[in-house]
**Q** 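A single structure is presented below for examination.
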Amino acid sequence: MNELAKTAFNRRPDLHVETEGEFAGWRTWTRDNFETHTGPFYHRMDENGRVRCAFRVEKKHLNGSGNVHGGCFMAFADYCLFALAGSVLQGPGVTVSFASEFLDAAREGDLIECTGEVTRAGMSLIFLRGRLTSGGRPLFTFSGTIKRVKRRTPAQATA
């Protein structure tokens, strides 16, 4: 694993490492209000440089039928896009495309896990795919594209 992959998550000032409970040692971002409200969602990098993401289903994640709401799966998968891209993104980005397939339902108490990969990282676009599972059971597959963006300075924003 290269040095960039080892330090990819350390360059984010909004990174929080959980210190208690089931996800102790896992990381999350605190800057995104929607993800903080919707989650909590977590990610970590294993010794081989592979990123894994997870969350535990709570009542707030359920639809009227008692299954995880499709929007929750989609929000988590979007979070996963950025966690999976962490070693190559090297700065801010935005999701420019997202496709998904619902395969099965999940219920309150289930542990939802994500694995995935960067399929191509170009100069401005990063292409990814991933899969959500619970207990090894496939629930949801997705693919997406992140566009690298440059931060605008205040002078650029008013020009």
Side-chain angles (χ1 to χ4, degrees), residues 1-58 60-61 68-102 106 111-133 139-159:
M1 177 172 49
N2 66 34
E3 196 59 34
L4 175 62
K6 289 180 186 176
T7 63
F9 297 128
N10 298 335
R11 294 187 310 274
R12 293 206 44 168
D14 61 331
L15 181 71
H16 168 75
V17 179
E18 191 63 48
T19 59
E20 299 178 347
E22 174 180 19
F23 293 102
W26 289 68
R27 299 159 185 205
T28 192
W29 297 300
T30 58
R31 183 176 57 200
D32 190 306
N33 293 324
F34 181 81
E35 288 173 354
T36 299
H37 177 73
T38 306
F41 303 139
Y42 298 97
H43 62 279
R44 69 177 175 189
M45 187 179 291
D46 68 18
E47 60 280 350
N48 296 318
R50 289 183 303 245
V51 174
R52 299 183 64 80
C53 303
F55 79 101
R56 179 70 65 182
V57 177
E58 300 175 23
K60 69 178 181 176
H61 300 126
V68 173
H69 192 285
C72 180
F73 274 164
M74 294 170 81
F76 177 56
D78 187 64
Y79 172 94
C80 295
L81 284 177
F82 285 84
L84 293 166
S87 65
V88 296
L89 185 54
Q90 303 174 9
V94 295
T95 306
V96 294
S97 73
F98 184 87
S100 62
E101 296 79 33
F102 296 91
L111 176 66
I112 309 301
E113 298 179 276
C114 175
T115 56
E117 65 182 333
V118 173
T119 56
R120 185 175 195 297
M123 294 298 289
S124 64
L125 297 175
I126 302 169
F127 301 87
L128 305 103
R129 65 180 168 198
R131 179 173 139 160
L132 307 185
T133 61
L139 302 173
F140 183 88
T141 58
F142 64 94
S143 62
T145 306
I146 295 173
K147 178 167 180 46
R148 300 174 202 265
V149 296
K150 295 181 180 167
R151 293 193 194 275
R152 296 176 74 176
T153 64
Q156 290 173 318
T158 59

**Q** Verify, without hydrogens or angle tests, whether Lys147 (side chain) and Ser97 (backbone) share a donor-acceptor contact under 3.5 angstrom.
**A** no
**Q** Let me know which of Trp26, Phe82, Phe23, Trp29 forms a ring-ring contact (aromatic ring centres under 6.0 Å, His included) with His43.
**A** Trp29
**Q** Ignoring hydrogens, what is the shortest heavy-atom contact between Leu139 and Thr133? Give both atom names and the distance.
**A** CD1-C, 3.8 Å
**Q** What do the steps show when you test Met74 against Phe102 for side chain to side chain contact (heavy atoms under 4.5 Å, CB included), and what is the final call?
**A** CA-CA 10 Å; Met74 294 170 81; Phe102 296 91; 4.0 Å; yes
**Q** Using modelled atom types only, decide if a donor and an acceptor are shared between the side chain of Ser100 and the backbone of Phe142 within a distance under 3.5 Å.
**A** no
**Q** Find the distance between OH (Tyr79) and CG (Leu84) and round it off to the nearest 0.5 Å.
**A** 10.5 Å
**Q** Near Arg131 CZ, under 6.0 Å, is it more than 12 heavy atoms from other residues, nucleotides or ligands?
**A** no
**Q** With rounding to the nearest 0.5 angstrom, report the SG to CZ distance, Cys80 to Arg52.
**A** 11.0 Å
**Q** Closer than 3.5 angstrom, by distance alone: can the side chain of Asp46 be matched with the main-chain N or O of Asn48 as a donor-acceptor pair?
**A** yes
**Q** Quick one: CD1 on Ile146 to CZ on Phe98, what's the gap to the nearest 0.5 Å?
**A** 11.0 Å
**Q** State the CD1-OG1 distance between Ile126 and Thr119, to the nearest 0.5 angstrom.
**A** 10.5 Å
**Q** Do the rings of Phe41 and Phe55 sit parallel, tilted or perpendicular, given the 30° and 60° boundaries?
**A** perpendicular
**Q** Can you list everything that forms a salt bridge (charged side-chain N to carboxylate O under 4.0 Å, His left out) with Arg148? Sequence neighbours excluded, please.
**A** none
